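All figures in this text were calculated on a predicted structure; none of them were measured in a lab. Lettering of chains follows the sequences in order, A, B, ..., and the numbering in each one begins at 1.
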Amino acid sequence: MQKWACFENSLQPLFTPALFSSGNFQTARNCTAKIRHSLFQPTDSHPMTVRTRFAPSPTGYLHVGGARTALFCYLYARKHGGQFVLRIEDTDLERSTAESVNAILEGMTWLGLDYDEGPFYQTQRFDRYNAVIDDLLARGLAYRCDCSKERLEKLRVDQMARKQKPRYDGHCCQRQIDANTPHVIRFKNPPDGVVVVDDLIRGRVPFANSELDDLIIRRSDGAPTYNLSVVVDDADMRITHVIRGDDHLNNTPRQINILKAMGHEPPRYAHVPMILGDDGARLSKRHGAVSVVAYRDQGYLPEALLNYLVRLGWSHGDQEVFSIEQMIELFDIGDVNKAASAFNTDKLDWLNQQYLQHADPQRIDRLLRPHLGHLGIDPATGPALTAVIKAQAARAKTLTELAEISAFCYRDFDEFDEASAKKHLRLIAREPLEKIRAAFELLANEDWTIETLKHTVERVAETLQINMGKVAQPLRVAIVGRAASPGIDETLLLVGKDATLRRIDKALAYIAARGAEM
RNA sequence: GCUCCCUUCGUCUAGUGGUUAGGACACUGGCCUCUCACGUCGGCAACAGGGGUUCGAAUCCCCUAGGGAGCGCCA
């Protein structure tokens, strides 16, 4: 019980039915109900309340890295009684897709990461971005640039050759380019001084303005760029804490400069380290599941994934298992580690198994059905599914595995597991099997109970003057197909009398055939 | 190339100048036992390297190495 000792002192025990039936596990079908209208209207909310946002770009699925960032944003907002907003950064019209948006919403819903506002779509806020850009232009804080891609490319190559960092040289800064000629708009970055990113995780990170250049904030097609739209949104949406991947740390000084040009105070920043694959390399498709809904499909419980994710880069003493309530209470963004961490499926499996065996069987019943269906099994054709779950939950790491190891309760298996049959279905097992079969046949259906079954097996062992194992193991292989299952009495109860007799006959035939071969 | 970030068992981490460097997963040995699993008891295993500062450094400073990110009309 050591591992669970942490709950003894907590007000909110982890495995309460309330936690597991709290409606966090609906499928994506309900997502659409969540999509309120997305045109953000600035409101006069109290400036002091914590507001975080998760701002994915819809160019793929919600992957585990994004999910953890979203979780941190969610936890931080909840901890401080603030709001968590979801914003879809779809300004890249080429790569953004509606399917990706749906996949992200589906992932958020499955994980139960409820947002208070949004989703807001940046593509619906272009007017606002353009107004900000025009204002910057009017105030001389931005300028038009008509440098050709060729000139820019040559500049880059020359600078690299001179071992310099490639930067825009300000060529168009003083030129007065007509608004009618094709152009982009660049932000006039301060030429000198230092911008300090006061990061909640990294600490103070100073950047020299001389390292930065005049970045493009409006493309030639009129669309605003990322660094501009994020800044405008974060300001308009009154985001107080920007929690995001540390690949954005280098963008932050530029964003702070734009924010200041707009007359806003920068929010607090927290750059969380990235998640690596098992092998320490950047997470990618070849590491298997990267999309969170793939974990759902593979039979992981959302609370297990969340628990796994929260412990990646964060910890609270020696505690490993956290309910959502405990995470909200204990999590603090400032406690997050600086170093990247590797995703370890073994540990996720362990957590999932822990949650599986402590979960309410009624809920697992519901979640397990699709996995059984996938195997072509209809639970109505056999024992109560909750009974099977109670017997098997500690034996499976995932719902998928739980379905696989429980299939024998609902249908005859095709073949014996080779190693198990070889070891247990031998000539020496014939007599015990025949004896036990005869005893079972005499049992009335109403005597097919756990107690009677236990006694019957024990009596056969006694009669034959052999160990329990010499009877139970051949019997187990006979009725399950392999040498692993719940206790033999429980297993018999689940399989039922008819199937038991039928399968023992099959095992006896197998032994006979095998004996003939030898 | 330049700028910035990072570095404790295989992995996730505890640790904030004095610890036999703790826990968890994995691996492994025992117990429990009709099997498997659970549970339980034990074992293996780490401060990237080098210089300082200090009576004393995983902890503070510097250098090196290794890893990562950014330097786009991507986000």
| said: Using the P atom as the point on both nucleotides, what is the distance between B/A24 and B/U19, in whole Å? | reply: 22 Å
| message | Under 3.5 Å, is there any donor-acceptor pair linking the side chain of A/Asn344 to the base of B/A26? | response | no
| message | Taking B/C2 as the reference, what is the distance to B/G22 when you measure between their C1' atoms (whole Å, please)? | response | 42 Å
| message | Can you confirm if the aromatic rings of A/His248 and A/Tyr226 lie within a centre distance of less than 6.0 Å? | response | yes
| task | Quick one: label A/Gly487 by what it contacts on the DNA or RNA (base, sugar-phosphate, nothing), any heavy atom closer than 4.0 Å. | result | base
| Is the charged tip of A/Arg186 near the ring of A/Tyr168: under 6.0 Å from the six-membered ring centre and within 45° of its axis? | yes
| note | When rounded to whole Å, the NE2 to P distance for the pair A/His271 and B/C4 reads 16 Å
| task | For B/C38 and B/C27, measure between their P atoms and round to the nearest Å. | result | 10 Å
| task | May I ask you to say whether A/Asp234 pairs ionically with A/Arg87, meaning some side-chain N is under 4.0 Å from a carboxylate O? | result | yes
| Counting any heavy atom closer than 4.0 Å, what does A/Arg95 reach on the DNA or RNA strands: base, sugar-phosphate only, or nothing? | base
| said: Just to be sure I understand the rule, does A/Ser315 reach a base, reach only the sugar-phosphate, or reach nothing, if contact means heavy atoms closer than 4.0 Å? | reply: sugar-phosphate
| message | Rounding to an integer number of Å, can you tell me how far A/Ile389 CD1 sits from B/A37 C1'? | response | 16 Å
| query | Could one point to a donor on the side chain of A/Arg395 or the base of B/C36 with an acceptor on the other under 3.5 Å away? | reply | yes
| task | Describe the nucleic acid contact of A/Val184 in one word from base, sugar-phosphate, nothing, applying a heavy-atom distance below 4.0 Å. | result | base
| said: What's the gap between B/U3 and B/A21 when it is taken at their P atoms, as a whole Å value? | reply: 40 Å
| C1' gap between B/G15 and B/U59, integer Å | 8 Å
| Separation of atom CZ in A/Arg162 from atom P in B/C2, rounded to whole Å | 14 Å
| message | With rounding to the closest Å, how many angstrom separate the P atoms on B/G42 and B/G10? | response | 23 Å
| task | Answer with base, sugar-phosphate or nothing: what part of the nucleic acid does A/Asp278 contact at a heavy-atom distance below 4.0 Å? | result | nothing
| What is the distance, rounded to the nearest whole Å, between atom CG of A/Asp247 and atom C1' of B/C6? | 14 Å
| task | Report the distance from atom CG of A/Asn307 to atom P of B/A24, rounded to the nearest whole Å. | result | 15 Å
| task | Begin from the C-alpha positions of A/Phe343 and A/Leu309 and carry the test side chain to side chain contact (heavy atoms under 4.5 Å, CB included) through to its verdict. | result | CA-CA 9 Å; A/Phe343 193 94; A/Leu309 255 18; 4.1 Å; yes
| task | Give the minimum heavy-atom separation between A/Asn209 and A/Pro190, together with the two atoms involved. | result | CB-O, 3.2 Å
| request: With heavy atoms under 4.0 Å as the rule, sort A/Asp489 into base, sugar-phosphate or nothing. | output: base
| query | Taking N and O atoms by type only, does the side chain of A/Asn251 place a donor or acceptor under 3.5 Å from a partner on the base of B/G70? | reply | no
| field | Distance, C1' atom - from B/C60 to B/A75, rounded to whole angstrom | value | 39 Å
| request: Would you classify A/Pro486 as touching base, sugar-phosphate or nothing, given that sugar-phosphate means primed atoms plus P, OP1 and OP2, and contacts are heavy atoms under 4.0 Å? | output: base
| field | Atom-to-atom span, CG of A/Asp318 to P of B/C25 - whole angstrom | value | 11 Å
| message | Taking B/G43 as the reference, what is the distance to B/G52 when you measure between their P atoms (whole Å, please)? | response | 37 Å
| Looking across every strand, which nucleic acid part, if any, lies under 4.0 Å from A/Thr91 by heavy atom: base, sugar-phosphate, or nothing? | sugar-phosphate
| When you check the gap from the basic side-chain N to the acidic O, do A/Asp360 and A/Arg363 get nearer than 4.0 Å? | no
| query | Per the atom types in the model, does the base of B/A69 pair as donor or acceptor with the side chain of A/Asn250 at under 3.5 Å? | reply | yes
| request: Mind checking A/Arg311 for me? I need base, sugar-phosphate or nothing, with any heavy atom below 4.0 Å counting as a touch. | output: base
| Starting at the 5' end of RNA chain B, which residue's closest nucleotide do you reach first, A/Leu93 or A/Ala340? | A/Ala340
| A/Ala339 near the nucleic acid: base, sugar-phosphate alone, or nothing, with a heavy-atom cut-off under 4.0 Å? | sugar-phosphate
| Touch check for A/Tyr308, heavy atoms < 4.0 angstrom, all strands: base, sugar-phosphate only, or nothing? | nothing
| note | By nearest-heavy-atom nucleotide on RNA chain B, the more 5' of A/Ala394 and A/Val205 is A/Val205
| request: Under 4.0 Å between any heavy atoms, over every strand shown, what does A/Gln353 touch: base, sugar-phosphate, or nothing? Just pick one. | output: sugar-phosphate
| Expressed in angstrom and rounded to an integer, what is the separation of A/Ile275 atom CD1 from B/G68 atom C1'? | 15 Å
| request: Calculate the interatomic distance between A/Leu475 atom CG and B/U35 atom P; express it in whole Å. | output: 14 Å
| said: Using a 4.0 Å heavy-atom cut-off, does A/Ser220 contact any base of the nucleic acid, only the sugar-phosphate backbone, or nothing at all? | reply: base
| field | A/Arg482 side chain vs A/Ile405 backbone, donor-acceptor pair below 3.5 Å | value | yes
| Can you find a donor-acceptor pair, distance only, under 3.5 Å between A/Arg202 side chain and B/C5 base? | no
| task | Decide yes or no, distance alone: a donor-acceptor N/O pair under 3.5 angstrom between the base of B/G23 and the side-chain of A/Glu320. | result | yes
| note | With A/Tyr300 as partner, the option from A/Thr398, A/Thr400, A/Asp349, A/Asn352 fulfilling side-chain hydrogen bond (donor to acceptor under 3.5 Å, both in side chains) is A/Asp349
| message | Using a 4.0 Å heavy-atom cut-off, does A/Lys470 contact any base of the nucleic acid, only the sugar-phosphate backbone, or nothing at all? | response | nothing
